[in-house]
There are 2 protein chains.
Amino acid sequence: MLGMDIAEVARRAGLPASTLRFYEEKGLIASIGRRGLRRLFDSDVLPRLALIALGQRAGFSLEEIAGMFGADGRPAIDRVQLAAKADELDRTIRKLAAMRDGLRHAAVCPAPSHMECPTFRKMLRIAGAHRPQTAPAGRKQSGLKRIGR
Amino acid sequence: MLGMDIAEVARRAGLPASTLRFYEEKGLIASIGRRGLRRLFDSDVLPRLALIALGQRAGFSLEEIAGMFGADGRPAIDRVQLAAKADELDRTIRKLAAMRDGLRHAAVCPAPSHMECPTFRKMLRIAGAHRPQTAPAGRKQSGLKRIGR
DNA sequence: GCTTGACCTCAAGTGAACTTCAAGTGGCAG
DNA sequence: CTGCCACTTGAAGTTCACTTGAGGTCAAGC
């Protein structure tokens, strides 16, 4: 098929065309040429978009994701970075699980107010604990964002 | 002690004073008065801030969190909403766990490129699966954000 | 009495990730 | 050839959660 146009990529990836153009501008994807004004994309853009979506879910920023593609255009992901992200993800999962259990308890808790429930207060302690004030200027952006649209 | 000033609240909560002023403006917290120009806060602002932090971690927006406080100023959180959020959190956790396992595998995978690894490709499928294009205009903001700073 | 420093207000700026808009272009049907 | 319409562009706008900056006030210390 020698190249899909942006509309087809958009349809197949479930993303608006504007997002694809935005990604191209950011260097996350590349078109293989034009037909008239229209971008043509190789079909390998689809797994690449899947990888981008994956990276986003895993908490990488678009900029970080862009850095994961080597010069050859194929993913060249640093294995150390991957392991670090996995560890970070693991810590996040633990916190979220504690949170989920707390929420679930609060949803059925017989205490008249959530504040009187020991489980709820415990959850507050977990949530409030150890916030390292490492934000000197302009959002640190190392953590997870916008997981699970 | 009849009221801490903003600096003390900031210190105890580990938040900058600007954030506290911002939260007050948004109706998330309230000062109990002034000493001169300076805001005074009751000590109950601290658990309240913990609850706000918790809500943020659990994926609620500040606006949603503001809606969780009843007229009496005490948390009046809808139990149905809590359960729904717990379920959402649970789905997110499952995805993240799959992701973590995939990342962890990729970090040690012997395949020359990640793309040639079946586990990695499987992870891509998980990540790329079923994106409901429910984003008509201007950020939906219902998902998790900024978990685990 | 003057300086200092911590607070005050209000407006504007930041950053990520997009979306929206106005104006222009290209290919194809009629 | 003309119209149409889906596409193109670059610039500007949007949202969220804050932060920063300018200019002001006030209580305490020297």
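Here the structure is a predicted model, which is why all the values come from computation and not from measurement. In what follows, chains are A, B, ... by sequence order, proteins preceding strands, each numbered from 1.
At a threshold of 4.0 Å, the pair Asp90(B)-Arg94(B) counts as salt-bridged, since one of the basic side-chain nitrogens sits closer than that to a carboxylate oxygen.
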Heavy-atom protein contacts under 4.0 Å, nucleotides 24-29 of chain D, coded B base, S sugar-phosphate only, - none:
-S----

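Side-chain nitrogen and oxygen atoms of Arg34(A) include at least one within less than 4.0 Å of the OP1 or OP2 phosphate oxygen of dT9(D). The side chain of Arg39(B) contributes an N or O atom lying less than 4.0 Å from OP1 or OP2 of dC8(C). Taking only side-chain nitrogens and oxygens, Arg11(A) never comes nearer than 4.0 Å to OP1 or OP2 of dA6(D). In this structure, Thr19(A) reaches the dT19(C) phosphate: one of its side-chain N or O atoms is under 4.0 Å from OP1 or OP2. Between Tyr23(A) and dC18(C) there is a side-chain N or O to OP1 or OP2 distance below 4.0 Å.
Each of dA17(D), dT8(D), dC8(C) was ranked by its minimum atom distance to the side chain of Ile6(A); first place goes to dT8(D). In the set dC18(C), dA17(D), dT19(C), the nucleotide with an atom closest to the side chain of Leu62(A) is dC18(C). Nearest to the side chain of Gln56(B), among dT8(D), dC18(D), dC8(C), sits dC18(D).
Heavy-atom nearest nucleotides on DNA chain C were determined for Arg21(A) and for Ala7(B), and the one closer to the 5' end corresponds to Ala7(B).
Taking atom CG of residue Leu40(A) and atom P of nucleotide dG26(C), one finds them 15 Å apart after rounding to whole Å. The CD1-C1' distance, from Ile65(B) to dC18(D), rounds to 14 Å in whole Å. As a whole-Å value, the separation of Glu8(B) CD from dA6(C) P is 16 Å. Between the CG atom of Asp5(B) and the C1' atom of dA6(C) there is a distance of 9 Å, given to the nearest Å. Per the geometry, CZ belonging to Phe22(A) stands 7 Å off C1' belonging to dA16(C), to the nearest Å. Between the CD1 atom of Ile52(A) and the P atom of dA17(C) there is a distance of 11 Å, given to the nearest Å. For the pair Glu24(B) CD and dA17(D) C1', the computed distance is 17 Å after rounding to whole Å. Nucleotide dC18(D) holds its P atom 14 Å from the CD atom of Glu63(B), rounded to whole Å.
Taken together through direct or relayed side-chain contacts under 4.5 Å among Ile, Leu, Val, Met, Phe, Trp and Tyr, Ile29(B) and Leu40(B) form parts of separate hydrophobic clusters. Residues Tyr23(B) and Val9(B) fall within the same hydrophobic cluster, defined by Ile, Leu, Val, Met, Phe, Trp and Tyr side chains chained together at heavy-atom separations under 4.5 Å.
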Before giving the answer on side-chain contact (heavy atoms from CB on, under 4.5 Å), spell out for Leu20(A) and Arg39(A) the whole-Å C-alpha distance, their side-chain angles and the decisive distance to 0.1 Å.
CA-CA 10 Å; Leu20(A) 298 176; Arg39(A) 288 162 180 78; over 6 Å; no

Tell me, with the steps shown, if Asp5(B) and Glu8(B) meet side-chain contact (heavy atoms from CB on, under 4.5 Å).
CA-CA 6 Å; Asp5(B) 74 1; Glu8(B) 184 165 2; 3.7 Å; yes

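Contacts of Arg21(A) classified as side chain to side chain donor-acceptor pair (under 3.5 Å), with partners at least two apart in sequence or in another chain: none.
Of the candidates Leu46(A), Ile6(A), Leu49(A), Ile32(A), Ile6(A) is the only one forming a side chain to side chain contact (heavy atoms under 4.5 Å, CB included) with Phe41(A).
With contacts defined as side-chain heavy-atom distances shorter than 4.5 Å, the pair Leu54(B)/Ile65(B) does not qualify.
Across all strands shown, Ser18(A) has heavy atoms under 4.0 Å from base atoms, whether or not it also approaches the sugar-phosphate. Nucleic acid contact class of Ala17(B) (heavy atoms, under 4.0 Å, all strands): none.
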